[in-house]
4 protein chains.
Amino acid sequence: MPKDTFFNLPDDKRERIIEAAIDEFAQRSFHDARVTAITNQAEIAKGSFYQYFEDKKDLFKHIIEIAVGKKIEYVNQDMMQNMQDYGFFQLLRELYLSGVRFAKEHPRLVAIGMQLLSNQELYYEVFGTHAEKSYAFYEDLLRKGMADGELDPAIDIVLASRLLTMFNYALVDFVYEDGKVDLDDMAIIDKMLYIVENGIKRR
Amino acid sequence: MPKDTFFNLPDDKRERIIEAAIDEFAQRSFHDARVTAITNQAEIAKGSFYQYFEDKKDLFKHIIEIAVGKKIEYVNQDMMQNMQDYGFFQLLRELYLSGVRFAKEHPRLVAIGMQLLSNQELYYEVFGTHAEKSYAFYEDLLRKGMADGELDPAIDIVLASRLLTMFNYALVDFVYEDGKVDLDDMAIIDKMLYIVENGIKRR
Amino acid sequence: MPKDTFFNLPDDKRERIIEAAIDEFAQRSFHDARVTAITNQAEIAKGSFYQYFEDKKDLFKHIIEIAVGKKIEYVNQDMMQNMQDYGFFQLLRELYLSGVRFAKEHPRLVAIGMQLLSNQELYYEVFGTHAEKSYAFYEDLLRKGMADGELDPAIDIVLASRLLTMFNYALVDFVYEDGKVDLDDMAIIDKMLYIVENGIKRR
Amino acid sequence: MPKDTFFNLPDDKRERIIEAAIDEFAQRSFHDARVTAITNQAEIAKGSFYQYFEDKKDLFKHIIEIAVGKKIEYVNQDMMQNMQDYGFFQLLRELYLSGVRFAKEHPRLVAIGMQLLSNQELYYEVFGTHAEKSYAFYEDLLRKGMADGELDPAIDIVLASRLLTMFNYALVDFVYEDGKVDLDDMAIIDKMLYIVENGIKRR
DNA sequence: TATGAATGAGGATTCATTCAT
DNA sequence: CATGAATGAATCCTCATTCAT
């Protein structure tokens, strides 16, 4: 958690630091990332860095928090708050859609997230035991879909939640790599949902 | 490529080094991994390391080769060599099964592979442009399955190949994390294939 | 080129570093010279070294620049700027004299220069293609002397320029080795010039 | 001094080692030169090296001895043994000539010699106090020339001996650099002697 | 609070020399 | 005597973090 001094900073300086940090962490793993590169790009003194943050990890965690926050902004809040009014596949589509939009607009944050995923130690330090939260979310969704009779009762909910998560990654990955190419992202999502739907819906 | 001196080493010493390297590379990214940690754990002199390997990267590439070699051992070679005799879903099952067996027995190698995936630069240096090979393999499989009339003609082959790859990761991930829990892995694979099959088979 | 941090250093610390570097480079070839020896003698932290200089070579180049600068201080600037007003042998005497004075007072810089002379690669890296400048200078001087009718028209200018350069080295060498013995340096120069003059003057 | 084992070696192996050593020492300063490079090029085991030589310096000294020996071969032995029958300038010409021939044919040995010249510490260790021997030789020559009335009585013998030495270096240097160009070396020597003769002969 | 110099632990790599076979 | 693996001291350099102003 950054120190108060950081939050008292003029907006533009604070943003310059965040920008620089995102740049650096997107390009290099946490350990490889250099405080010096960040302070240079942000044009702040090296000493100042340690007046704003406890240490490198402190900043990193803050960047992750920002990423998580930004990610949440992308899901249709109205839809999330009135989940009961929507069908399972509608909600799933919305979730995937928001994931794609996010990845398109914040590719560096996605890169940082992927890095983090492949560093267990750091991952648990950042998210604690809340690691499974995202699975839990999909599990709830699946349970509701099943209760509503939309899903094939034979499927294993825990497994399916993993798959839906992975599908999300697959999509993000797909869009991320081809970021430059202006694919019709909607089309991809729908092709994917076509498969998913056939895979798990009730017949 | 390690030097001859390495291959001339007594088996147990060579294995101690490999073990130590796998341990270190499984825990830290390539850059973070320390030659010193490896030589310490393997109980060899730091100088010896450089008589066996060109440099840290040389060892890393060797470890990757070992991992790839081990991975290949796990797939049913008979089945792979007579692919035309098997149905699409049979082959897929075999592939996933081998992936799971491998991950169960070599979780550290899996960890190293995941690390590598998230380091583009290194990845290309290790695999050259053969990067897309695994996608290509699934694409071929899907094309054959479609030609044989096993698959829904409406699905997008490129996208599906990504999904099948991701499913593989999902499985690996599943098994990897819950490695300690003695799940009935067969059951998981079959549950997953149930979904996949419904998702893409011809009706 | 040293970093700004170096030039911002308090004078005495900066000088301590320069002193230590001159000591080390005078005793060992560039490659043999140890950064550690310099930081130890200068009593600065090893890390500080790299805040002042890009690397060892950066410091070395700086030392060479200092030496060249110091060397130039020793020639009679008035005489050099009004060369046309002086005779060939007067100018030559002045040049040799400055060379001797310089060597007497900065024997370590002379040693460094000699080292550099015997390392082609480094030499070109430090001086670029200006390598032949010193020969060229003597050639110009000789050409002028010949045009003014002071020199024997039979002598080969290119060869003579080499000889004059060598004479300079001879003198430096002479003074350098016997540095402690308080010879009458003027006398030596004049004895040498007596020979040179007889060797090349017009009769 | 190499060990007996070295001298008992079959000729071709011994020569391979000498060749490799000359190559390495000609390219790098004593300290930079690598025993490994020598054993590799000579195709002997690293361990063998230390059965032939005490250490790196031992080999180096031997190479220098070889160079000195070779150098001596190049001077007209008949002339040297009957010095009293020849004039000063005749002898000088012969000396320079041999120097040039040597440099033309053994450029690597010359390079090693020059390296050595610029490493005081090593120089004294190799030559001990015999350092001035070459000066002494020229001094004797000059004294004889003066006694015979060939030289200007006004010149300083000590100084002149240094100059003659330097002239030798100048010649070697000249020929060494332009090694490839097939200059008429005789012509150069004579042009130089023309200057030298005018510089110091009796009038 | 801002600054940027100072620090030193830590990392990769090289290489002369020793040693066991 | 030949071999070549083993050794570890030594070297350059990086970088997070501390500290004094």
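Residue numbers begin at 1 in each chain, while the letters A, B, ... track the order of the sequences. On a predicted model such as this, the values are computed, not experimentally measured, just so you know.
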Next item on the list: Search all heavy atoms of B:R16 against all heavy atoms of B:E43 and return the closest pair with its distance.
Entry: NH2-O, 3.8 Å
Residue [X], side-chain heavy atoms: nucleotide from [options] that is nearest:
X	options	result
C:V35	F:dA16, E:dA6, F:dC12	F:dC12
D:Q51	F:dT3, F:dA5, E:dA2	F:dT3
C:D55	F:dC13, F:dA16, F:dA5	F:dC13
D:K56	E:dA12, E:dA16, F:dA2	E:dA16

Whole angstrom value for the distance that separates [atom2] of [N] from [atom1] of [X]:
X	N	atom1	atom2	value
B:E43	F:dG8	CD	P	12 Å
C:F49	F:dC12	CZ	P	8 Å
B:I44	E:dA12	CD1	P	13 Å
A:N40	E:dT3	CG	P	13 Å
B:I17	F:dT7	CD1	P	10 Å
B:D32	F:dA16	CG	P	11 Å

Quick check on [N]: is either OP1 or OP2 less than 4.0 Å from any side-chain nitrogen or oxygen of [X]?
X	N	result
D:K3	F:dC1	no
C:S48	E:dA5	no
D:K46	F:dG4	no
D:Y52	F:dA2	yes
A:Y50	F:dT17	yes

Item checked: Distance in Å, B:I18 CD1 paired with B:D23 CG, rounded so as to fall on 0.5 Å steps -> 12.0 Å
Note to self: Can you tell me how far apart CD1 (D:I63) and CD1 (D:I112) are? Round to the nearest 0.5 Å.
What the structure shows: 6.5 Å
How would you label the contact of [X] with the nucleic acid (heavy atoms, under 4.0 Å): base, sugar-phosphate, or nothing?
X	answer
A:K57	nothing
C:A37	nothing
D:T36	sugar-phosphate
B:F6	nothing

Note to self: Tell me whether the rings of D:F6 and D:F53 are parallel (<30°), tilted (30 to 60°) or perpendicular (>60°).
What the structure shows: tilted
Next item on the list: Give none if F:dA20 has no partner; otherwise give the nucleotide forming a Watson-Crick or G-U wobble pair with it, both distances under 3.5 Å.
Entry: E:dT3
Note to self: Heavy-atom nearest nucleotide on DNA chain F for B:D4 versus C:E54: which residue maps closer to 5'?
What the structure shows: B:D4
Check: Between B:A45 and A:A33, who's closer to the 5' end of DNA chain F by nearest nucleotide?
Finding: B:A45
Next item on the list: Return yes when atom NZ of D:K57 has more than 12 non-hydrogen atoms of other residues, nucleotides or ligands closer than 6.0 Å, and no otherwise.
Entry: no
Checklist line | First of C:L9 and D:R34 reached from the 5' end of DNA chain E, by closest nucleotide | finding: C:L9
Next item on the list: Tell me, please, whether A:F30 has A:K56 positioned over its six-membered ring: NZ or CZ under 6.0 Å from the ring centre and within 45 degrees of its axis?
Entry: yes
